[in-house]
Number of protein chains: 2
Amino acid sequence: MADTKKPIPTRQAALDAYITLRRAGNTIAAKLNRHITDNHLTAGQFGILEALFHLGPLSQQQLAKKILSSKGNITMIIDNLEKQAIVKRTASPHDRRTTIIQLTPQGKKMISKIVPNHLKKIVTMMSVLTVTEMMELKRLCKKVGLSINKE
Amino acid sequence: MADTKKPIPTRQAALDAYITLRRAGNTIAAKLNRHITDNHLTAGQFGILEALFHLGPLSQQQLAKKILSSKGNITMIIDNLEKQAIVKRTASPHDRRTTIIQLTPQGKKMISKIVPNHLKKIVTMMSVLTVTEMMELKRLCKKVGLSINKE
DNA sequence: CCAAATTAGTTTAATATTGTACTGTTTTAA
DNA sequence: TTAAAACAGTACAATATTAAACTAATTTGG
């Protein structure tokens with residue numbers, strides 16, 4: 001926070017970039033959300049299932065960080081998913097405070113039917129960009145994201 | 001949706017770009033959200049106040065589109081803001097179905113104290129990028145966003 | 001002109017989300 | 001060793017959010 005006074009063009013470019021970034025992300029997410037609710041899942045539930053699907057069993061704490069949600073909310077989402085036998089809680093062998101969340105076989109089956117379509121939708125929406133542009137977009141976003149998390 | 005089969009590199013680049021985009025946006029938004037709650041506002045409330053501040057009086061329908069929220073939610077947010085005399089409802093002279101939302105003088109005063117800090121935070125976070133990179137990021141996000149909204 | 005469809009906003013009920021306080025567990029450092 | 005701090009998860013209360021049914025006003029097409 002050393003440099004409080006940015007020249008106007010920098011300032012305007014920064015704001016424009018953020019607003020456009022945010023709007024694009026929200027627009028895509030809103031489209032995807034329709035697909036998610038069609039499958040009788042909430043965005044939070046889907047986020048957790050997707051994380052478990054791609055990364056394997058995770059603790060609730062890890063899930064909270066992944067989907068940027070409060071741990072109280074994770075407890076509730078897991079409660080609901082467990083009631084439907086989509087995931088199950090397991091005790092961690094190393095730390096009796098933590099519970100490890102796993103997909104049940106039915107859960108894995110279910111999410112593996114939804115994810116491919118979900119990804120296809122993302123690819124379709126992003127495909128207005130060339131591959132070079134996609135890579136550049138990724139680079140720029142990563143640069144921003146990393147610097148914030150370093151703070 | 002003509003081209004269902006994208007070559008793998010395109011597919012992976014598209015997914016990477018989206019995930020990184022989304023993560024960067026969410027990370028920034030989470031940081032900003034702290035600032036918002038410090039001022040005893042919710043994200044939804046702030047979104048509405050910011051829109052009114054930058055764009056002037058708007059109907060609830062317009063606000064719903066702006067902040068990508070359901071109209072029922074807009075009703076509630078406006079109810080709460082109106083109770084605190086931050087905004088007020090006015091009848092539209094042209095259409096008796098619509099209500100126009102305006103900032104009250106106190107509301108304008110309040111939001112105009114918060115917004116500059118908010119923007120400064122955005123500028124600071126985005127300033128890891130050069131101006132050229134900011135402009136490129138904007139261009140890429142706009143390209144994606146526009147094509148989706150055109151559908 | 002007027003019935004049907006559309007639109008803006010509200011209400012209600014169900015669910016999601018958060019923050020705080022709490023329990024039990026592990027880590028830490030004196 | 002052990003008291004204090006940190007951590008993982010839960011319970012609960014307060015709000016936020018959504019979807020659906022509803023009211024009232026406007027637009028459209030025959």
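Excluded from the calculations below are hydrogen atoms, water molecules and symmetry mates; all remaining heavy atoms, backbone and side chain alike, are included. Every chain is numbered from 1 and lettered A, B, ... according to where its sequence line falls, protein lines coming before strand lines. Predicted model only: the values in this text are computed from it and were never measured.
The structure places OG1 of A:Thr27 at 10.5 Å from CZ of A:Arg22, a figure rounded to the nearest 0.5 Å.
Contact between the side-chain N/O atoms of B:Asn73 and the OP1/OP2 oxygens of D:dT18 is found at a separation under 4.0 Å. For D:dT10, the OP1/OP2 oxygens have a side-chain nitrogen or oxygen of A:Thr75 closer than 4.0 Å. Considering only side-chain N and O atoms, A:Gln61 lies under 4.0 angstrom from the phosphate OP1 or OP2 of D:dA8.
Using a cut-off of 4.0 Å between Lys/Arg side-chain N and Asp/Glu carboxylate O, B:Glu82 and B:Arg89 are scored as salt-bridged.
Counting to the nearest Å, the P atom of D:dA14 and the NZ atom of B:Lys83 are 15 Å from each other. Spacing between atom CE of A:Met76 and atom P of D:dG9 amounts to 18 Å, rounded to whole angstrom units. Following rounding to the nearest Å, B:Ile78 (CD1) and C:dG9 (P) show an atom-to-atom distance of 10 Å. One can place CZ of A:Arg89 at 12 Å from C1' of D:dA8, the figure rounded to the nearest angstrom.
Under 3.5 Å, the side chains of A:Asp16 and A:Gln12 contain a donor-acceptor pair of N or O atoms.
In terms of polar N and O atoms assigned as donor or acceptor, the side chain of A:Arg96 never comes within less than 3.5 Å of the base of C:dT25 in a complementary pairing.
Considering every non-hydrogen atom in both B:Met125 and A:Val144, the closest pair reads O-CG1, 4.2 Å.
Ranking D:dT18, C:dA8, D:dG9 by closeness to the B:Arg97 side chain, first place goes to C:dA8.
Between B:Gln60 and A:His94, the residue anchored nearer the 5' end of DNA chain C, judged by the nucleotide with its closest heavy atom, is B:Gln60.
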